[in-house]
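Presented below is the structure to which this report refers.
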Amino acid sequence: MPSMKKSLLDVLFMSEKRKQVLLLLQDSPKGMEEILKSLDTSRQALLPQIRILEEHHLVDHHRDNYELTVIGKLIVNEMKPFVDTLETIDSHISYLGTHDIDFIPSHILKRIKDIKGCEVIEPSLVNIYEINMDFVEMSKESSSLFFIFTFMHPAFPTIMEQFIRNNINVSMVVSKEMLKKITEEWQDEFYRFVSSGKVKFYLCQKDIRLLSLSLSDDCFVLRLFSKDNEFSNRQLFCCNPEAYQWSKDLFEYYLKDSILVTMLSSRP
């Protein structure tokens, strides 16, 4: 008697092994030995799951080689981004679930899977307002740096001087309140930075609803407000290419609605 067909949702998500086989075959056909090695399982455990995939016309096999059918490819191409999104949110739920992400534009938010490999850093309460010095040290080797700030650390002028000495181009998007603070409290430094030709300040015309975003050539650090709009000491840190592009697109989202600040227009 033939086995009763499962719904495709059950086939895809009720077995981790079936899901892994489908994702493994997405790029190319695989031999049984390669599949067993990749999934770290036995032939006895895997064959019943592959049989279910074949019964539902998702996988074909020729001798000992397995590949996705046309239907299998269609489904897996849609399934992969969804699985990646779920795994990303699942791995960072304690951060994303407690911090404000409502402001992130939809075209960037729907690519949240790109930050899958990021690390959540939680400095001690003693260092809650401290700069991420690991990022600062890495930045000294960069050709360009990009920042969005709604708060400014007292060490900002000293660190900016280091970037200028290292011949690094710096682009900084700030709010109206932040620009006022910089030009009033660090007036001499501000004009020195701008006149160096290495630092550009941009006044954002939209509300900036994040604490800070810092990008070097390869990595970024993102600080979000907590959901109750309070300062949070937790930071998202990442250096993989997909996550970096995600952060760069977020920076560009604010930059496109910002105005370059010149010494002339900013002088009191």
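Predicted model only: the values in this text are computed from it and were never measured.
By the side-chain hydrogen bond (donor to acceptor under 3.5 Å, both in side chains) test, N240 pairs with no residue at all, sequence neighbours left out. For the salt bridge (Lys or Arg N to Asp or Glu O under 4.0 Å) test, residues two or more places apart in sequence or in another chain that qualify with K180 are E184. Checked against salt bridge (Lys or Arg N to Asp or Glu O under 4.0 Å), K37 has no partners two or more places apart in sequence or in another chain. The disulfide bond (SG atoms under 2.5 Å apart) test applied to C204 returns no partner, not counting sequence neighbours. Partners of H92 by ring pair (Phe, Tyr, Trp, His ring centres under 6.0 Å), not counting sequence neighbours: none found. When the side-chain hydrogen bond (donor to acceptor under 3.5 Å, both in side chains) test is applied to S28, the partners found at least two apart in sequence or on another chain are K30. Applying the side-chain contact (heavy atoms from CB on, under 4.5 Å) criterion to S226, with sequence neighbours excluded, gives D228, E230. E119 is linked by a salt bridge (Lys or Arg N to Asp or Glu O under 4.0 Å) to nothing, counting only residues two or more places apart in sequence or in another chain. Partners of K116 according to the salt bridge (Lys or Arg N to Asp or Glu O under 4.0 Å) rule, which considers only residues two or more places apart in sequence or in another chain, are D84, E87.
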Distance-only donor-acceptor hits, side chain of residues 71-79, under 3.5 Å, sequence neighbours excluded:
{"from": "N77", "atom 1": "OD1", "to": "Q26", "atom 2": "NE2", "distance (Å)": "3.2"}
{"from": "N77", "atom 1": "ND2", "to": "K73", "atom 2": "O", "distance (Å)": "3.2"}

Let me check something: any side-chain donor-acceptor pairs from residues 248-260 under 3.5 Å, sequence neighbours excluded? List them with distances.
{"from": "D249", "atom 1": "OD1", "to": "Q245", "atom 2": "NE2", "distance (Å)": "2.8"}
{"from": "D249", "atom 1": "OD2", "to": "R111", "atom 2": "NH1", "distance (Å)": "2.8"}
{"from": "D249", "atom 1": "OD2", "to": "R111", "atom 2": "NH2", "distance (Å)": "2.9"}
{"from": "D257", "atom 1": "OD2", "to": "K206", "atom 2": "NZ", "distance (Å)": "2.5"}
{"from": "S258", "atom 1": "OG", "to": "Y254", "atom 2": "O", "distance (Å)": "2.7"}

Quiz: residues 159-166 side-chain donor-acceptor pairs under 3.5 angstrom, not counting sequence neighbours:
{"from": "E161", "atom 1": "OE2", "to": "R192", "atom 2": "NE", "distance (Å)": "2.8"}
{"from": "E161", "atom 1": "OE2", "to": "R192", "atom 2": "NH2", "distance (Å)": "2.6"}

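For the pairing with F156, the ring-ring contact (aromatic ring centres under 6.0 Å, His included) check across F147, W186, F151 returns one residue only, W186.
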